[in-house]
Amino acid sequence: MIPKIILGKGPKATRRTIGYLFGKGRANEHIDPHLVASWNDFAPDPGRSAHRDPKDVMDQLAAQLDQPVQMLGDKAPEFTVWHCPVRAAPEDPILTDEQWAVVARRIVAAAGIAPEGDEEACRWVAVRHADDHIHIAATLVRQDGRRPQRDYDKRAVQSEARKIEVDYGLRRLKHGDGTAAKRPTSKEHFKAKRLGQDATAREVLRLRVRRAVAAASSEAEFFALLEATGVTVRPKTEPSGDVTGYSVALPGDVNKQGEPIWYAGSTLAGDLSLPKIRQRLTDTHAQPIAAQPGNPWHQATAATERIPHHLIHSDDHVAQGQLEALGAALDLLPLTAPAAVKTELERAAAVFERATRSRITADRDSTHVLRRSVQAIWCNPTPASDGSGLAMLLDAALTAVAFAMHWHRKHQHAQQEAAAQQALVHLHTAYAQVAEPVLDNLAQRAPALQTKHRYARHIQQAAPEYAERILQDRAWDALTAVLAEAEAMGHNAATVLDQAVNQRSLDDARNPARALTWRIQRLGQRHAPSPLAQAAKARSTTHRPTAAPVQPTAAVPSSQPSRGRRADHVQLGSWGVSSSSASSQRKRSAPPPAFGR
């Protein structure tokens with residue numbers, strides 16, 4: 001159940017509100033509008049006065065509501081109308097008028113508009129014109145001439161709504177912390193529907209601004225990227241010439257007077273105000289990082305794989321910075337993805353947005369590599385020819401988002417936890433579509449049976465607790481293919497396999513074979529050490545005892561618990577992660593893809 005408080009002002013604010021509530025609606029959506037409750041239980045009802053002109057009854061109702069306000073004359077408050085739509089979820093049972101009346105009384109009591117038993121409270125009415133919601137309208141002067149005590153009414157109303165959900169068996173929403181982006185209004189939703197658009201102007205602008213922030217390396221570039229994607233920008237300039245804010249509009253999105261409808265950055269989301277954007281750009285681009293050659297997909301994957309470590313071991317400020325960087329990566333990723341998975345990635349980014357914001361201040365010092373490597377991918381969006389770059393990055397992102405969900409649960413961030421959980425669903429769908437063809441292609445390059453048997457012995461030595469699962473997995477042939485390619489590049493198969501296993505435990509990997517495939521593919525493409533260096537490393541390393549050879553064709557699922565489990569691992573039952581060191585610098589070698597949708 002979602003309540004939303006709107007304040008109205010002006011000499012005719014009450015009459016305008018009543019006229020809207022008992023009118024046809026902006027899209028003729030108001031069906032049978034009528035009162036379900038009022039401050040005195042016998043207020044005039046324009047929807048149930050068959051023998052009178054409805055406009056006359058609306059005038060009478062508005063006059064009665066306004067009477068305490070009019071008595072104050074010039075001493076009346078600036079805002080005189082308190083308007084609160086209360087909407088149930090589509091899957092909720094339909095409440096009766098009597099039940100909605102109880103809901104309305106509980107809401108006005110919680111808000112301080114009309115505390116239970118207070119006969120001198122504000123005047124209010126509850127109007128129903130649809131199965132799933134009511135509108136509560138009140139005037140903000142008590143009948144004794146005083147102002148209502150409605151401190152923190154938004155928080156109080158939300159808290160009461162959570163209790164109502166329990167009492168009536170409705171869909172239970174998550175408690176928030178006040179950091180969520182502002183929802184589109186009903187008016188904006190109806191306008192988008194009328195124009196045949198999937199998203200409101202507010203949602204489109206928020207997406208484009210977030211992408212511009214993720215892609216930009218300076219404030220000037222941020223504004224240039226917005227304009228390049230069809231967003232009209234209006235800076236807020238002080239008399240001194242300093243720019244202190246900005247507003248954005250979509251071409252063609254105009255009001256009745258034909259003027260653009262402007263949205264300030266701070267009204268799109270709290271973290272999209274100009275001061276917040278400046279701080280983010282300063283934090284993430286103030287310290288130059290030397291250019292390092294390498295595959296940006298691999299560098300972004302390595303940086304993403306380090307996010308779980310930060311969420312477990314770093315302080316909350318560093319963890320919050322990592323979540324912001326992950327959200328920025330997800331914002332840009334759809335622009336580089338194949339059309340078949342673009343929609344799922346856009347949905348994942350849209351829902352994960354909520355998981356990037358909390359009341360914890362972000363420390364972004366450790367996020368430079370991820371941001372710049374993803375920016376490098378965006379600037380030159382051609383992925384690896386076989387799609388493995390996107391597949392391995394999505395694999396790392398799945399694990400990072402799963403750990404983000406756990407981190408938010410630990411901090412009792414209910415809405416953020418739910419957002420991360422929803423993002424996992426979309427990311428997993430996209431990952432499956434990307435990874436399967438890549439793995440099938442690798443499997444076709446699997447080496448001969450004798451070589452696969454040798455690799456099986458290496459698996460038994462490097463990861464004995466996972467050997468049987470890996471050898472019977474569909475990805476086993478793909479894993480042997482990347483091991484063979486690593487050997488062709490001059491690596492020692494046993495050594496590179498050890499490195500892959502030791503990068504991070506496989507305890508939280510739902511599919512160890514796939515996790516090792518992506519790790520070894522990245523390791524195998526690095527510069528191979530010389531034979532002399534390999535020999536020196538072999539002399540300084542204590543060899544593990546040789547385990548009994550494994551027959552790949554006879555592998556069966558193991559019922560033994562995994563060994564060597566570290567205490568700091570989060571048991572998510574999902575996707576494996578690894579950790580490696582990489583850095584990158586943003587390069588603009590191609591025109592950026594469009595941000596719009």
Side-chain angles (χ1 to χ4, degrees), residues 1-5 86 88-89 92 106-107 110-111 151-183 269-272 276 280 304 306-328 330 348-364 366-367 397-428 508 566-575 577:
M1 178 168 285
I2 302 175
K4 181 178 181 181
I5 296 174
V86 184
D92 284 340
R106 292 177 63 170
I107 292 293
D151 297 337
Y152 307 106
D153 57 348
K154 293 183 179 180
R155 186 182 303 174
V157 163
Q158 291 290 344
S159 179
E160 187 64 25
R162 303 293 82 79
K163 297 176 184 177
I164 293 171
E165 291 162 359
V166 175
D167 293 342
Y168 284 92
L170 308 178
R171 175 185 174 186
R172 300 178 64 177
L173 301 183
K174 305 295 183 181
H175 286 278
D177 58 2
T179 61
K182 184 176 180 181
R183 295 175 180 270
D271 58 345
L272 296 182
K276 294 289 183 65
R280 184 180 302 184
T304 303
R306 288 193 288 272
I307 291 177
H309 177 84
H310 285 294
L311 295 178
I312 295 173
H313 298 291
S314 299
D315 64 36
D316 288 347
H317 303 287
V318 172
Q320 178 61 38
Q322 292 290 322
L323 295 178
E324 286 186 3
L326 178 58
L330 294 179
V351 295
F352 191 74
E353 174 204 21
R354 182 66 188 99
T356 64
R357 279 180 273 106
S358 73
R359 293 196 175 277
I360 299 173
T361 303
D363 181 342
R364 305 181 180 94
S366 60
T367 66
L398 276 166
T399 304
V401 172
F403 274 80
M405 183 177 67
H406 172 82
W407 187 83
H408 282 305
R409 182 186 302 129
K410 175 183 174 183
H411 289 75
Q412 298 182 350
H413 298 162
Q415 291 186 356
Q416 291 91 330
E417 178 191 347
Q421 189 172 22
Q422 293 174 19
L424 275 177
V425 175
H426 297 298
L427 282 176
H428 185 54
D508 48 26
R566 298 187 310 186
D568 62 342
H569 280 311
V570 180
Q571 297 308 309
L572 300 172
S574 54
W575 303 271
V577 295

| Quick one: does M1's side chain get under 4.5 Å of I107's, heavy atoms only? | no
| message | Once side-chain contact (heavy atoms from CB on, under 4.5 Å) is applied, do any residues pair with A420, and if so which ones, sequence neighbours excluded? | response | F352, A355, V401, M405
| query | If you look at every heavy atom in T367 and G321, which pair is closest and at what distance? | reply | CG2-O, 3.4 Å
| Can you name the salt bridge (charged side-chain N to carboxylate O under 4.0 Å, His left out) partners of R162, sequence neighbours left out? | E165
| message | Whether the side chain of Q320 engages the backbone of T356 through a donor-acceptor N/O pair (distance < 3.5 Å, no angle test) should be reported. | response | yes
| remark: Residues Q158 and P3: closest non-hydrogen pair is NE2-O, 3.1 Å
| remark: Nearest heavy-atom contact between P308 and T304 is CD-O, 3.6 Å
| request: State, to 0.1 Å, how close T361 and H317 come at their nearest heavy-atom pair, and which atoms those are. | output: O-ND1, 2.8 Å
| request: Heavy atoms only: give me the nearest A404-L323 pair and the separation to one decimal. | output: CB-CD2, 3.5 Å
| Can you tell if the side chain of F403 reaches within under 4.5 Å of the side chain of I307, non-hydrogen atoms only? | no
| More than 12 non-hydrogen atoms from neighbouring residues, nucleotides or ligands closer than 6.0 Å to NZ on K4, yes or no? | yes
| Close side-chain approach of R354 and Q422, heavy atoms under 4.5 Å | no
| query | With a 4.5 Å heavy-atom cut-off, do H413 and I360 have their side chains touching? | reply | yes
| query | With I2, which residues qualify under side-chain contact (heavy atoms from CB on, under 4.5 Å), at least two apart? | reply | L173, R183
| task | Report yes if some heavy atom in the side chain of L272 is under 4.5 Å from a heavy atom in the side chain of K276; otherwise report no. | result | no
| query | How far does CG of D92 sit from CG of L170, to the nearest 0.5 angstrom? | reply | 4.5 Å
| field | Contacts of S314 that satisfy side-chain contact (heavy atoms from CB on, under 4.5 Å) - sequence neighbours left out | value | H310, V318
| field | Partner set under side-chain contact (heavy atoms from CB on, under 4.5 Å) for D271, not counting sequence neighbours | value | R210, A269, R280, R357
| task | Sort and list the pairs that fulfil salt bridge (charged side-chain N to carboxylate O under 4.0 Å, His left out) and have at least one residue in residues 309-319, not counting sequence neighbours. | result | none
| query | Can you find a heavy atom in the side chain of V157 that is under 4.5 Å from one in the side chain of V86? | reply | no
| said: If I compare all heavy atoms of A349 with all of L330, which pair ends up nearest, and what's the gap? | reply: CB-O, 3.3 Å
| said: Test your reading of the model: is there a side-chain donor-acceptor pair from H406 to the backbone of A402, 3.5 Å cut-off? | reply: no
| message | Once rounded to the nearest 0.5 Å, what's the spacing between atom CD of Q416 and atom OG of S358? | response | 6.0 Å
| message | Looking at G327, is its backbone amide N or carbonyl O close enough to the side chain of E353 to form a donor-acceptor pair, meaning the two atoms are under 3.5 Å apart? | response | no
